[in-house]
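A short worksheet on the structure shown next.
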Amino acid sequence: MHPLTLQTMRAVGFAIALAIPAAAAAQAADSGRLAVAEQISRTMLRQLDMNKVIGSQMSAGLPPALLAARPEWEPMLRDAFSEQMKRDEPYLARLMAVEIVRDVTSEELAAGQQLLTDPDVLAMFKAVASGEPPAAFRPSRETMRLLSTPAAQSFGRKMQRMADGLQKNSNEIAASLLPGVFQRFADRAEAAETQRRLAAGLPAPLAD
């Protein structure tokens, strides 16, 4: 709560009776906005091919000679990334939602939430985010009407700025994901190596 509000409450006791309902209503409104922003964030994250953006960079970092000797490691790494991304999606969505509610009005949130229910809008968003040529855009009449509103247009501009920010901060996103990715990959690779050596009649790797 704002410090000035606290000072007023302390100075004027009866204001507590008036301030509490107002504060509760504001908190409920903020919680509602955050919930909508999280839903929008989850929808956007599911359209982004983070495996393509970050996972491919990880695979490219493995020595080519090693990948030639262990071609199964590349799909293992991608699977590990996908699993970790799925696990961390709620956390990433909450981070995005916090940023969204700082900059987006309730009207813009409502417009964005409605826009992202249109399959053509989602397809367009996915294509743009992937750097691919978008297919023919055939939104519904209701979506076209919504796209003409100031709230929807403002939402689109703000989400573009946010998408640019996500691209610039991809290293930070990767840093939050990679420890878990490496652990998942290590478990897979170790199990595969154990099976490979046992099948070849060689001693299994030493356990920790």
Side-chain angles (χ1 to χ4, degrees), residues 1-5 18-56 81-82 84-177:
M1 187 176 292
H2 196 281
L4 182 59
T5 305
L18 300 176
I20 288 178
Q27 185 176 11
D30 287 343
S31 298
R33 280 166 43 80
L34 189 61
V36 173
E38 281 194 57
Q39 180 182 353
I40 289 173
S41 299
R42 286 194 299 271
T43 300
M44 293 173 66
L45 280 171
R46 288 168 186 170
Q47 304 310 308
L48 295 172
D49 190 351
M50 298 297 286
N51 213 335
K52 181 178 180 180
V53 175
I54 299 175
S56 59
F81 184 89
S82 296
Q84 191 67 28
M85 184 67 192
K86 184 176 181 179
R87 175 189 177 276
D88 287 354
E89 183 186 278
Y91 169 72
L92 295 174
R94 172 57 67 99
L95 286 182
M96 290 175 61
V98 169
E99 292 300 317
I100 288 174
V101 296
R102 287 177 181 169
D103 191 38
V104 179
T105 67
S106 297
E107 291 77 13
E108 291 164 352
L109 274 177
Q113 185 180 31
Q114 186 174 346
L115 280 174
L116 292 176
T117 62
D118 189 309
D120 282 282
V121 172
L122 289 177
M124 174 69 74
F125 176 82
K126 185 172 184 177
V128 171
S130 301
E132 300 172 355
F137 187 47
R138 299 187 181 89
S140 67
R141 182 177 299 178
E142 179 62 21
T143 295
M144 289 299 294
R145 184 200 64 76
L146 184 60
L147 285 170
S148 67
T149 64
Q153 293 172 9
S154 180
F155 175 83
R157 289 192 295 270
K158 291 177 179 180
M159 288 304 98
Q160 180 59 56
R161 290 202 302 268
M162 185 169 183
D164 293 341
L166 284 174
Q167 288 288 342
K168 292 177 182 177
N169 293 312
S170 61
N171 287 336
E172 293 300 320
I173 296 173
S176 71
L177 294 169

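Here the structure is a predicted model, which means the values were calculated and not measured. Values below: all heavy atoms of this structure, side chains included; hydrogens, waters and symmetry mates excluded.
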Of all the heavy-atom pairs spanning [X] and [Y], show the shortest one and how long it is.
X	Y	value
Gln114	Thr117	O-OG1, 2.5 Å
Leu177	Met85	CD1-SD, 4.0 Å
Ser176	Leu92	OG-CD2, 4.3 Å

Requested in this report: Drop me the distance from Ser154's OG to Met159's CE, to the nearest 0.5 angstrom.
Outcome: 9.0 Å

Restricting to side-chain hydrogen bond (donor to acceptor under 3.5 Å, both in side chains), what partner residues turn up for [X], sequence neighbours left out?
X	answer
Ser106	Arg33
Thr143	Asp118, Ser140
Arg94	Glu38

Query raised in the report: Can you find a heavy atom in the side chain of Arg46 that is under 4.5 Å from one in the side chain of Leu122?
Result: no

Donor-acceptor contacts under 3.5 Å from residues 145-152 side chains, at least two apart:
{"residue": "Arg145", "atom": "NE", "partner": "Glu142", "partner atom": "OE2", "Å": "3.3"}
{"residue": "Arg145", "atom": "NH2", "partner": "Glu142", "partner atom": "OE2", "Å": "2.7"}
{"residue": "Ser148", "atom": "OG", "partner": "Arg145", "partner atom": "O", "Å": "2.5"}
{"residue": "Thr149", "atom": "OG1", "partner": "Leu146", "partner atom": "O", "Å": "2.6"}
{"residue": "Thr149", "atom": "OG1", "partner": "Ala152", "partner atom": "N", "Å": "3.3"}

Listed pairs under 3.5 Å, donor-acceptor, residues 95-103 side chains, sequence neighbours left out:
{"residue": "Glu99", "atom": "OE2", "partner": "Arg102", "partner atom": "NH1", "Å": "2.8"}
{"residue": "Asp103", "atom": "OD2", "partner": "Arg161", "partner atom": "NH2", "Å": "3.1"}

Requested in this report: Tell me, please, which residues at least two apart from Gln39 pass side-chain contact (heavy atoms from CB on, under 4.5 Å).
Outcome: Arg42, Gln113

